[in-house]
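Reviewing the structure listed below.
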There are 2 protein chains.
Amino acid sequence: MTAAAGDGTVAKALEVLDLVAGFGHPVRFSDLLDHSPYPKATLYRLLQTLVAQRMLSFDPDRSTYTLGLRLVRLAHAAWDQSALAPIARPHLDVLSAEVGETVHLAQMDHAQVLYVDKRNARDPIPMYSQAGKVGPAYCTGVGKAMLAYLPERDLPGILSQQSWHPFTPKTVTSTAAMMQELATIRARGFAFDDEEHEPGIICVAVPILSTGGAVLGALSVTSTTARTTLDNLAQLAPRITQIARTIGQETTNWRFPEETAHPNRKRA
Amino acid sequence: MTAAAGDGTVAKALEVLDLVAGFGHPVRFSDLLDHSPYPKATLYRLLQTLVAQRMLSFDPDRSTYTLGLRLVRLAHAAWDQSALAPIARPHLDVLSAEVGETVHLAQMDHAQVLYVDKRNARDPIPMYSQAGKVGPAYCTGVGKAMLAYLPERDLPGILSQQSWHPFTPKTVTSTAAMMQELATIRARGFAFDDEEHEPGIICVAVPILSTGGAVLGALSVTSTTARTTLDNLAQLAPRITQIARTIGQETTNWRFPEETAHPNRKRA
DNA sequence: AAAACAAGTTTCAAATAATGGAACCTGCAA
DNA sequence: TTGCAGGTTCCATTATTTGAAACTTGTTTT
């Protein structure tokens, strides 16, 4: 269902990678077997391939599998290459210093929100430990901010993939209600998360748009009801929006450096 | 040569991933075609698969490929799961604060050194931008520190894979000389890099060992000949060793939490 | 405007690799 | 010794991958 089927060996191998990643700790063959749709021999061979490719590493003492170092290497490249995250980093530092609250940078992945960077309030937790996590789009500030500015034709598909699980009494739980909410967000220019995901957690979020208007990601400042109110957070919106606009512009320039002319490209 | 051949579709797909990663920026189909051993149609289908799996993302406006968000997600998991890096992190912070110089955490990957975390001297560059790089084992402090404590039976294989390129006049450039050097390192307990990789760059490095003596990684403090000397750096060795031992112990405990007894494990 | 071209996409029979049920190891425990 | 669970290997069947060539599409050149 997730992927795979008669899709391709690559898909299956990646599903196995996800499976190992999901455990969050070294796993034995039989653990994986119990949780995978593949027969013993198939899974075994997939694991062998992945280990040979160093996408997984195998600890012979414990006979367990872990995610491999090649993955870390690729990730480094992925991060550097993604236009948004490296460009946004210094701006996150600035924003974090100014507001002193938790700051999130997120992008859409599939129909979910992927946190790609983060600054913590007091003593900042290094991003790696936090980023990389995915969250629901329909009940987070960053998620709603992005949804609100997505092309209309993409929305139905994405909304239909939301779980609409009512995490709290304030969670928006239907496509219809969400369409309403998104209109409000567009009118307002930024999104709130009013304890829709976790009780006591509130945030303001703004979309990061390319100069062409495409959604690149979202930026948010998060706090708790114990410390502040939505109204107070709303005060920050102009500043956050300003920073998001800068990030959007810089990213657009990075992605389309030769806006003025397009001379013949030559190959390597 | 690198991998693949008649090896498996997965290997080929991963090679394509590496290829994209190698460019360091979005690439067009034809760029990849020029640098890949695969015929047009094959490469095309591999790319399609990877995009479908969100390991790559395709920008239709520019018709370019970039590393995808699924990769970022997997990589974060890889980092979190690797026993060494998350455990070492706070210790790196401590060491960095104490010595005020560049600190590296590395692991062996294949026969090379993979930097998995880093602290910079003045204003620390966040790790993601630096870590993930690989370097040669035979001419870096961390590399030699790890080589010195590897099981003897693994050494020949690994040494035979070194390029022995003489980066500087001081670079060790033969297996024989290296065996000598490794003996010295074992006797001394830590390794130097005496401008063997880059002129003017020197460092002290110690291995991080499990309580069983297995090489988990290495920890180093790097500086320049303009700022200090090897003798001065050597003064730091006891402290670095102490920290490395702590990291080694904590990591060992994390990996083998039930050292005392091993009751019947049950499955999920 | 027509022709030539470059870049990307699709086709299809042949070749190859993946599949998975079952047999087979290998400790370890009863 | 026997039984058993966790791993590993076999191999005929099956399904996927392969890649030369044909085909689109969009862009220069004449």
Side-chain angles (χ1 to χ4, degrees), chain A residues 3-17 19-20 23 25-53 55-66 256 258-268, chain B residues 3-17 19-20 23 25-53 55-66 256 258 261-268:
Chain A
D7 195 357
T9 332
V10 175
K12 287 167 203 156
L14 293 174
E15 206 182 324
V16 172
L17 272 188
L19 190 58
V20 175
F23 275 86
H25 60 83
V27 271
R28 265 193 307 291
F29 177 78
S30 50
D31 299 326
L32 292 170
L33 186 57
D34 292 344
H35 292 266
S36 99
Y38 309 115
K40 227 194 317 192
T42 302
L43 178 64
Y44 183 73
R45 262 176 294 103
L46 283 173
L47 287 170
Q48 294 232 114
T49 304
L50 289 169
V51 169
Q53 296 298 320
M55 296 296 281
L56 289 179
S57 80
F58 181 70
D59 178 345
D61 298 332
R62 289 252 135 183
S63 57
T64 54
Y65 296 89
T66 324
F256 313 107
E258 343 145 351
E259 203 75 304
T260 48
H262 50 103
N264 272 347
R265 314 187 208 85
K266 47 189 170 180
R267 21 178 151 142
Chain B
D7 193 358
T9 331
V10 176
K12 288 166 205 159
L14 293 175
E15 207 182 322
V16 171
L17 270 188
L19 190 58
V20 175
F23 276 86
H25 59 84
V27 270
R28 267 195 308 291
F29 176 77
S30 50
D31 299 327
L32 292 169
L33 186 57
D34 292 344
H35 293 265
S36 101
Y38 308 115
K40 223 189 330 186
T42 302
L43 179 64
Y44 182 73
R45 262 174 294 103
L46 282 174
L47 287 170
Q48 294 230 116
T49 304
L50 289 169
V51 169
Q53 295 300 319
M55 297 297 280
L56 289 179
S57 79
F58 180 70
D59 178 344
D61 298 332
R62 288 251 135 183
S63 57
T64 54
Y65 296 88
T66 324
F256 313 107
E258 342 146 352
H262 51 104
N264 272 346
R265 314 188 207 84
K266 48 188 172 180
R267 19 176 153 146

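Chain identifiers are assigned alphabetically (A, B, ...) following the order of the sequence lines, protein sequences preceding nucleic acid strands; residue numbering begins at 1 within each chain.
- Map B:L46 and A:F58 each onto its nearest nucleotide of DNA chain D; the residue landing nearer the 5' end is A:F58.
- Annotation: side chain of B:T66 is not in contact with side chain of B:D59 (no heavy-atom distance under 4.5 Å).
- In this entry the distance linking CZ of A:R45 with P of D:dC10 reads 12 Å, nearest Å.
- In this structure, A:S30 reaches the D:dG7 phosphate: one of its side-chain N or O atoms is under 4.0 Å from OP1 or OP2.
- Nearest nucleotide to the side chain of B:A41, out of C:dT10, C:dA18, D:dT8: C:dT10.
- To the nearest 0.5 angstrom, A:L46 atom CG is 11.0 Å from A:L32 atom CG.
- Nucleotide C:dT9 holds its C1' atom 20 Å from the OH atom of B:Y38, rounded to whole Å.
- Distance B:K12 NZ to C:dT16 C1': 9 Å, rounded to the nearest Å.
- In this structure, of D:dG19, C:dA18, C:dG21, it is C:dA18 that holds the atom nearest to the side chain of B:T9.
- One can place CD of A:Q48 at 11 Å from P of D:dC10, the figure rounded to the nearest angstrom.
- A search for ring pair (Phe, Tyr, Trp, His ring centres under 6.0 Å) contacts involving B:F58 returns B:Y65, not counting sequence neighbours.
- Atom CG in A:L47 sits about 11 Å away from atom P in D:dG7, given to the nearest Å.
- Atoms OH (B:Y44) and C1' (D:dT24) sit 11 Å apart, rounded to a whole Å.
- As a whole-Å value, the separation of A:D31 CG from D:dA5 P is 16 Å.
- Expressed to the nearest 0.5 Å, how far CE of A:M55 lies from CG of A:L17 amounts to 5.0 Å.
- Using a 4.0 Å heavy-atom distance criterion, B:T42 is classed as a base contact.
- The minimum heavy-atom distance between A:L50 and A:A13, with the atom names listed, is CD1-O, 3.6 Å.
- Side chain A:K40 to base C:dG21: no donor-acceptor pair is found below 3.5 Å.
- Rounded to an integer number of Å, the gap from B:Y65 OH to C:dG8 C1' is 9 Å.
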